[in-house]
Structures are given as C-alpha cells and as structure tokens.
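Have a look at the structure below, then the notes.
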Amino acid sequence: MVTFRQVFRSTFLFLFLIIVSCTPPEDPIKCFSKNTNCTITNSYGTFPDRSICQAANAVYPTTEEELISLVANATKGKRKMKVATRYSHSIPKLVCPDGIDGLLISTKYLNRVLEIDLQSMRINVESGVTLRQLINEAAKAGLALPYAPYWWGLTIGGLLSTGAHGSTLWGKGSSVHDYVVALTIVSPGGPEDGYAKVRRLDESNSELNAAKVSLGVLGVISKVTLQLQPLFKRSITYVVKNDKGLGDEASSFGLKHEFADISWYPSQHKAVYRIDDRISSNTSGNGLYDIIQFRSTLSVGLALVRTTEENQESLGNAEGKCISARLTTTTLLTSAYGLTNNGIGFTGYPVIGYHNRLQSSGTCLDSPEDALITVCPWDPRVKGEYFLQTTFSISLSVVKNFIQDVQRLVNLEPKALCVLEQYNGILMRYVKASSAYLGKQEDAIDFDITYYRSKDPMTPRLYEDILEEIEQLALFKYGALPHWGKNQNLAFDGAVKKLKNAGEFLKVKQMYDPTGLFSNEWTDQVLGLKGSVTIVRKGCALEGLCICSEDIHCAPNKGYFCRPGKIYKNARVCTLISEKKQL
Ligand SMILES: Cc1cc2nc3c(=O)[nH]c(=O)nc-3n(C[C@H](O)[C@H](O)[C@H](O)COP(=O)(O)OP(=O)(O)OC[C@H]3O[C@@H](n4cnc5c(N)ncnc54)[C@H](O)[C@@H]3O)c2cc1C
Ligand SMILES: *[C@@H]1O[C@H](CO)[C@@H](O)[C@H](O)[C@H]1NC(C)=O
Ligand SMILES: *[C@@H]1O[C@H](CO)[C@@H](O)[C@H](O)[C@H]1NC(C)=O
Ligand SMILES: *[C@@H]1O[C@H](CO)[C@@H](O)[C@H](O)[C@H]1NC(C)=O
C-alpha cells in the first residue's frame, strides 16, 4: 500500500526536480530552440497589459565589432530590433520588437569596464555593465559616481535610456545621464555605411542630448564615458516627523542636504527625512547600506505576506492593511532600513561610510542557487510581491499644492493610503532640470508609489479611486512627467507634449533611424507618433491601462463605477458605490 507519506515524499521530490532553475533572477529572454523563437518580458514577468512579447531571434554580442555587424545585417534585412539587458527591469513594453520576426540584441556580455582615467576622473564602460560593477570599479580607483539609482542591478545602457536617477538638487542633479561626457551609438545605416553607422558623441555634439535618454529608439549604445568625482564619505541619519509641514518643507529640505530624500506615509501622518551629507573623508566609520527590500528573501515568507494581503483585499479589510502598514513601517525604521555602521550591526545614527557602500544595493542578485528557497521579493517564479508602480516628478514650484491635495484626500479617507505603506510609502526624491531632450524639464520631486496588483485583471483594488485620483492630480493638474521605465499606460498620456525639446529629439531619431527599426508600437505611442498609449477595454481603468469614461472600464458587477474625483473633479476614477464602504 502506498502511504500518504510516500506520496507526499515523491511529490516533494518531483517538485524539487522540476525546479531546476536557480535563485538569481531568470533571464528575461527565453528561446524555444537555440536563440530562435524567443519571448521576452521584464524582471517582474508582467508588462502593464500582461502580454508576453515575441522575437524571432536573440543574439548576444561580446564585442563592439560583433554588435556592429549584427545591426548591419538586421538593417539590411529591414528587421525590427530591440536592445535587451541582463534583467530587463523596465515596467513598460520598451523592449519588445514589433511583430514576431524581430531581433533581440542582448548586452549581457557587453559588460566590461574599458578604462578609468585618473587624471580626468572619467570611466569608460560597455553599456551592459551594471551599476554595481561601475560603482565597485570606480571605488577601487578611488572614484565615485555621485548620484545613482538605489538598485544596482540596472545596466548603464538601460538606466540611461529611461532617465534613471537617485536624489539630489545639488550639482547637475541626480540623473546619471547628466554625468555622461561621451557615448558611442550604433544605428542603422545605408549601403554607403555598410548598413550600420557608428557615432561617437561628446558634449560638443548636441545630438548627445538625444542619445543620453533615448528610450532605446536611436540604436544600440555600445560604450559610455561618465564623469566621476573623488570617492568621499557620507553621513546618514533618518528622522521621523509628523507630515503636517511636509508641503512647506519638501523643497527646502532638498536644498539643505546633498543626498536628501523623504519617505512619506500619508495615512500614518508620518514622513521620514533622510539627512544625508558629504563629510570629510577622515571621519571614522565604515557604514553599509544593504536595503532590506532588495535583499534575498525567503519564498515562504513572501507567500505568507502575499496571502495576507490577498485576504485583506478580498475582505475589504482596510483596518488590517493599516495594521500591516504600521508593522512594516516600524520594522523598517527600527532596522534602519538596512543600514549598519560597520557592515554587521546598527548601533545608531549617524551612519558614516564610503559613498560606494551606501549609494545603491541589491544583494538578492547574488543570493545562492538554492532552488527558489530565497529570491528577490518580486521574482515571478514564486508567490511573492506583485504590484503596480506609479512614478512621476512634480515641479518644485507646485509640489506643495500637490502634497496638500493628497493630504486633503487622506482627511476624507483616513485609511486609504495604508495600502501604500506596506510597500514603504511614497519615496520622494529630488531631480534637476536636464539638458537631455527627454529629461526632466524643471527641478522637481519624483514620487515613487508602489501598490497591490491583483492576479486577476478584473478585480478592483482597495481604495482604487483614491490612488487613481492622486495619479490624475499629479499628471493632469500639476503637469507631472512620468518615469520612462516605470508606470502603467495612462501615465504616458500626453507626456511628450510636456517636453519642450520633443521636436529636437524626433529630428535626431529621424536622422539616426529613419525607418524606425529600433522603434515599436509602444515607443511610437509614447513619442506621439502613432495612436494612443491607452488601451480602452472592459476593466481597463483597474490597472491603469486607461482613464475610465464609462462604467464598464471599471467593474460595475463588483460595485465599482466610473465617477469624478473627490477633490479633483476632472479626475475620472473607479469608485466603490453599490456596497456600503468598508470601514
Ligand atoms: C528594484 C528596482 C529598483 C529601481 N530603482 C530605481 C531608482 O532608484 N531610480 C530610478 O530612476 N529607477 C529605478 N528603477 C527603474 C529603472 O531605472 C529602470 O527600470 C531601468 O531603466 C532599467 O534598467 P535595465 O538595465 O534593466 O534596462 P531595461 O529595462 O532592460 O531597458 C530599458 C530600455 O533601454 C533600452 N536599452 C537598454 N540598453 C540599451 C543600450 N545599450 N542601448 C540602447 N538602448 C538600450 C532597452 O531597449 C529598453 O528600451 C528600479 C527598478 C527596479 C526593478
Ligand atoms: C515556437 O515555439 C513554440 C513552443 O515550442 C511552438 O509552438 C511554435 O511552433 C514555434 N514557432 C516556430 C516558428 O518555430
Ligand atoms: C543576417 O540576416 C539574415 C536574414 O535577414 C539571417 O538569415 C542571417 O542569419 C543573419 N546573419 C547573422 C550573422 O546574423
Ligand atoms: C580632517 O580633515 C579636515 C579637513 O578636511 C581637517 O581640518 C581636520 O583636521 C582633519 N582631522 C583629522 C583628525 O585628521
């Protein structure tokens, strides 16, 4: 007789055998036969519209010469191309070649640091180098990239193309692209160029303003030279305050501290100010920032958190969300968000250490291969985090009004934004106006908002309406610009009209890639060249694919109807009205 135990054991063994994949994130490119018949997605395994993209082939050049010949061959064959990276972190469908005959050119093996010039303090890297490699190699030479995204898994080519940034109002600002002094880009060419044209652009060439933030539509960036600074030390202290004065303090705080940022927990009426400054290198301290949310995490724990969240959502348990929110906020605060004074323990503020050990992290990328026992929290192979992200920047001149509008919404619905706090609230970071044509237009605060996404696209979220109203307030009342590498579709509606140099960008695009081999449906929509970024269909507003104009864009069968906003009457949001609102 076969006992339960034996069945259990063999099932368990079987599960183990089929989970042969390792713990580091999967390659976002999967091919059914050797580098042909491929699919691509992002690191979360889901694009905003939940589709998976296809490509006929994927290629992995290891040298610039090889890259040039691949671009030439594809250009000659009039094939659509797209650059893919090792992890493909961008949320929107930037990486999809149109149709099914396209070519994916991966920069996975274009990952060498080529030269560090100590005299000029410049580093020249291949575009597939990760932020982490760049930071480490620069530090070995006693140099530093002053401002950077907080997650080191991004590639230089990818983070430039989407305008990625850290936080500062000092110097040239926090966007990495504003420290590019030269780059090499390989674009389609005519027969006279051998079908590929290689351009080395430096600061004297205005085309660099197009190429340094390009959404990948100008060709493949092969090499990038960045201006660095001498390595320095920083001193970090987090201070918790009531958020009453946030509107007044937000702008000036960024001027006072070089690496300032703010984590805002609106339903808890709290703001955590990061007081973070450059200090003399002879100050003692060897602090380390290993951001908790970017650490390798136990899959069983992730599943537990997700199940709790799913239950709270399905029961409409707002109070439960607020309890989870307070717990998360307190836990992160008491564990200093992952800061330690010496790489081992946290003994108190300030945390002092070298910039390269504090600026970015992402230790889940090199967790051991343990058959998915531990993963990055958003790894799509396990039941873990599954979220939507809304990220936009609002000019400093109006940011106070925006913050106060959000506070008015919270006064009307005190528990509404507990849904954010479980994802560590709203991260506010400083960005400066840029010379990049697709860069920031004004000095601004970037708001990074992460929240629950249902596995079922037709299921509304708790306080759906409040978050939709905040998004529309930002984008349409305050003219916010979306982060090109994050967001759902509606955030890009009209975005290109907010850029004063969009025309200059399109001129360069016309010159570099006149037939749009590096463009796709998504980039054409974002750049205002063809069709609309929004997708109008049943339930489309539930996941930010559209702004509702009819009830069917929400979920009328579940009581969610398309209604005006509560304080921004021009907003159209999916509002729960047929049932008694849960308290
Ligand atoms: C955990 C996490 C934390 C993050 N933190 C931050 C943050 O602190 N600040 C911030 O601003 N953003 C942040 N982001 C978002 C991030 O900036 C973007 O998603 C980033 O663009 C992704 O970089 P990637 O290397 O994965 O590029 P991908 O997403 O693979 O590519 C982005 C685009 O660039 C194109 N591209 C890539 N390489 C090249 C090249 N060599 N030549 C031409 N085109 C190219 C691709 O075709 C694609 O269109 C974060 C993302 C994650 C997942
Ligand atoms: C691609 O792979 C899928 C899955 O194996 C298969 O069904 C399909 O026929 C393949 N297409 C081509 C063109 O080979
Ligand atoms: C060049 O392109 C053709 C089709 O356009 C393809 O069949 C061939 O494999 C390509 N060669 C290389 C080296 O990529
Ligand atoms: C540290 O450096 C500062 C100048 O950068 C100097 O004034 C100070 O004396 C130094 N302190 C020590 C202990 O060396």
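Remember, it's 1-based here, ligands and their atoms both numbered in the order they're listed.
Looking at every heavy atom in both residues, Ile449 comes nearest to Leu420 through CG2-CD2, 3.4 Å.
Ring-plane geometry between His165 and His483 is classed as tilted, the angle between the planes lying from 30 to 60 degrees on a 0 to 90 degree scale. The aromatic rings of Tyr147 and Tyr179 lie tilted to each other, with the angle between the two planes from 30° to 60°.
Side-chain atoms of Phe387 and Tyr44, non-hydrogen and from C-beta on, do get closer than 4.5 Å to each other. At a threshold of 4.5 Å between non-hydrogen side-chain atoms, the residues Leu215 and Val526 count as touching.
At least one N/O-N/O distance between Asn73 and ligand 3 falls below 3.5 Å.
Contact residues for ligand 1 (protein heavy atom closer than 4.0 angstrom to any ligand atom): Tyr44, Val83, Thr85, Ser88, His89, Ser90, Leu94, Thr107, Ser127, Pro149, Tyr150, Trp151, Leu154, Thr155, Gly157, Gly158, Leu159, Ser161, Thr162, Ala164, His165, Leu215, Gly216, Gly219, Val220, Ile221, Phe294, Trp378, Arg429, His483, Gly485, Lys486.
The NZ atom of Lys197 sits 9.5 Å away from atom OG of Ser187, with the distance rounded to the nearest 0.5 Å. Here the straight-line distance linking atom CG of Asp513 with atom CD of Gln510 works out to 9.0 Å at 0.5 Å rounding.
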Note every protein N or O atom lying under 3.5 Å from an N or O atom of ligand 2, pairing the names and giving the distance.
residue  : atom   : partner : partner atom : Å
ligand 2 : 2 (O)  : Asn37   : ND2          : 2.2
ligand 2 : 11 (N) : Asn37   : ND2          : 2.9
ligand 2 : 14 (O) : Asn37   : ND2          : 3.3

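Shown here is Lys498, whose NZ atom has more than 12 heavy atoms of other residues, nucleotides or ligands within 6.0 Å.
A cation-pi arrangement is found for Arg278 relative to Phe232, the charged atom lying closer than 6.0 Å to the ring centre and inside a 45° cone about the ring normal. Phe259 does not carry Arg274 over the face of its six-membered ring by the limits of under 6.0 Å from the centre and within 45° of the normal.
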